[in-house]
Protein chains: 2
Amino acid sequence: MSPTHTAVTTDLDPCGRADHPDCGIRDVLDRIGDKWSVLVIVELAGGPRRFRELQRAIDGISQRMLTLTVRRLERDGLILRTVYPTVPAQVDYRLTETGTSLTHLVKALADWSLTHRAVIAEARQQYDQTHPDHDIR
Amino acid sequence: MSPTHTAVTTDLDPCGRADHPDCGIRDVLDRIGDKWSVLVIVELAGGPRRFRELQRAIDGISQRMLTLTVRRLERDGLILRTVYPTVPAQVDYRLTETGTSLTHLVKALADWSLTHRAVIAEARQQYDQTHPDHDIR
DNA sequence: CAGGATCCGGTGGGATACTG
DNA sequence: CAGTATCCCACCGGATCCTG
């Protein structure tokens, strides 16, 4: 929605100032912002995994969503899907060069999250106390 | 969905290895992964803004979603909402200390996005060519 | 100006059953 | 094992109208 960033490659510094919104961050967020992509990436950071291995490692993911998630990641060139012509079928997934570079970002995200989760949690429950009625979720 | 991370404060290293999924990244992603939060943060990185200023700056956001977004950011202690008892009402929003620190992450996201968007775009259209039937979206 | 209250459609994602 | 095919629902987010 909205005619976004598809063509313009502005030479604006990315988000240092807010003259130009979006900045193209949406591209990344639309990918890693979903429910499972990050978890798949994190798991694959430990090395190649087969389909079932991923499903067992990632608690709560349905086989449908795992399929969709790896497909999208593959489409974006973040992971590589290899099919071995055995029987029964055997497939493994591994991070590509690009995917691996994303790992650093994910690491940064995790670090930030861990160092701030306490403060955030406190802010939340304080907000919920002072605004008992507000239903934000 | 799934009894997540609410209590456990494991001393596991964050995602260096993938022994433990989640890692708490979900907390952050659930916040900045949505459609508008990042844009609000980026805009506020340029200084305090009033409600209408934000709405005008962030192209396409509805007043409802802007309200919800700033409420959630406020709840998490990422932005500060100040009401001036004037008439008509005047309110401004600004990043807190925590919110400002998030800006760095957003910057990293934007940088990564910009340096990889070309590769990703190419990977996508190549995938779409080799898999014309697949409907991933 | 800064929202609150509704209505409503699209879709992300779960559960289940089936296949090569 | 590694998926595909359906069904279905919660909820995210847009549009619109109303208020202090």
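Residue numbering restarts at 1 for every chain, and letters A, B, ... go by the order of the sequence lines.
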Rounded distance (Å) that lies between atom [atom2] of [N] and atom [atom1] of [X]:
| X | N | atom1 | atom2 | answer |
| --- | --- | --- | --- | --- |
| Leu68(B) | dA5(C) | CG | P | 11 Å |
| Leu66(B) | dG14(D) | CG | C1' | 14 Å |
| Arg49(A) | dC1(D) | CZ | P | 16 Å |
| Gln63(B) | dA5(C) | CD | C1' | 10 Å |
| Asp59(B) | dG13(D) | CG | C1' | 16 Å |
| Ile58(A) | dG14(C) | CD1 | C1' | 16 Å |
| Met65(A) | dT6(D) | CE | P | 18 Å |
| Asp34(A) | dG12(C) | CG | P | 9 Å |

Residue met sooner reading DNA chain C from 5', once Trp36(A) and Glu53(B) are mapped to nucleotides: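 Nearer the 5' end of the strand: Glu53(B).
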
Between the first and last five pairs of the helix from dC1(C)-dG20(D) to dG20(C)-dC1(D), the angle of the axes, rounded to 10 degrees: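 Roughly 50°, once rounded to the nearest ten degrees.
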
Measuring only between side-chain heavy atoms, which start at C-beta, is [X] closer than 4.5 Å to [Y]?
| X | Y | answer |
| --- | --- | --- |
| His131(A) | Arg75(B) | no |
| Leu44(A) | Leu54(A) | yes |
| Trp36(A) | Val38(A) | no |
| Leu78(A) | Arg31(A) | yes |

Side chains of Asp76(B) and Tyr127(A), donor plus acceptor under 3.5 Å: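 Not at all, the side chains of Asp76(B) and Tyr127(A) share no donor-acceptor pair under 3.5 Å.
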
Contact under 4.0 Å: Arg52(A) side-chain N or O vs dC1(D) OP1/OP2: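 Yes, because at least one side-chain N or O of Arg52(A) sits under 4.0 Å from OP1 or OP2 of dC1(D).
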
Under-4.0 Å side-chain N/O to phosphate OP1/OP2 contact, Arg50(A) with dA2(D):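 Indeed, a polar side-chain atom of Arg50(A) lies that close.
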
Glu53(A), CD: over 12 other non-hydrogen atoms inside 6.0 angstrom: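 Correct, the count exceeds 12.
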
Heavy atoms of other groups near Gln90(A) CD, more than 12 under 6.0 Å: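 Yes, because the 6.0 Å sphere around CD of Gln90(A) holds more than 12 heavy atoms from other groups.
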
Spacing of CD belonging to Glu43(B) relative to CD1 belonging to Ile61(B), to within rounding of 0.5 Å: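 Atom-to-atom, Glu43(B):CD and Ile61(B):CD1 are 11.0 Å apart.
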
Candidate nucleotides dC1(D), dG14(C), dG3(C), ranked by approach to the side chain of Arg56(A) - the nearest: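 My answer, after comparing the listed nucleotides, is dC1(D).
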
Donor-acceptor contact present, side-chain Thr96(B) to main-chain Leu80(B), <3.5 Å: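 No, Thr96(B) side chain to Leu80(B) backbone: no donor-acceptor pair under 3.5 Å.
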
Backbone of Met65(B) reached by a side-chain donor or acceptor of Thr69(B) within 3.5 Å: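 Yes.
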
Shared hydrophobic cluster, Tyr93(A) / Ile136(B) (ILVMFWY, side-chain heavy atoms < 4.5 Å):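 Looking at the clustering, Ile136(B) is in a separate group from Tyr93(A).
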
Gln126(A) and Asp128(A): CA distance, side-chain angles, deciding distance, side-chain contact (heavy atoms from CB on, under 4.5 Å) verdict: CA-CA 5 Å; Gln126(A) 185 170 347; Asp128(A) 292 344; over 6 Å; no

Residues in contact with DNA chain D, drawn from residues 70-82 of chain A - heavy-atom cutoff 4.0 Å: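 By residue number: Arg71(A), Arg81(A).
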
Near-strand residues of residues 83-95 of chain B, defined as heavy-atom separation under 4.0 angstrom from DNA chain C: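 Residues of residues 83-95 of chain B under 4.0 Å from DNA chain C: Ala89(B), Val91(B), Tyr93(B).
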
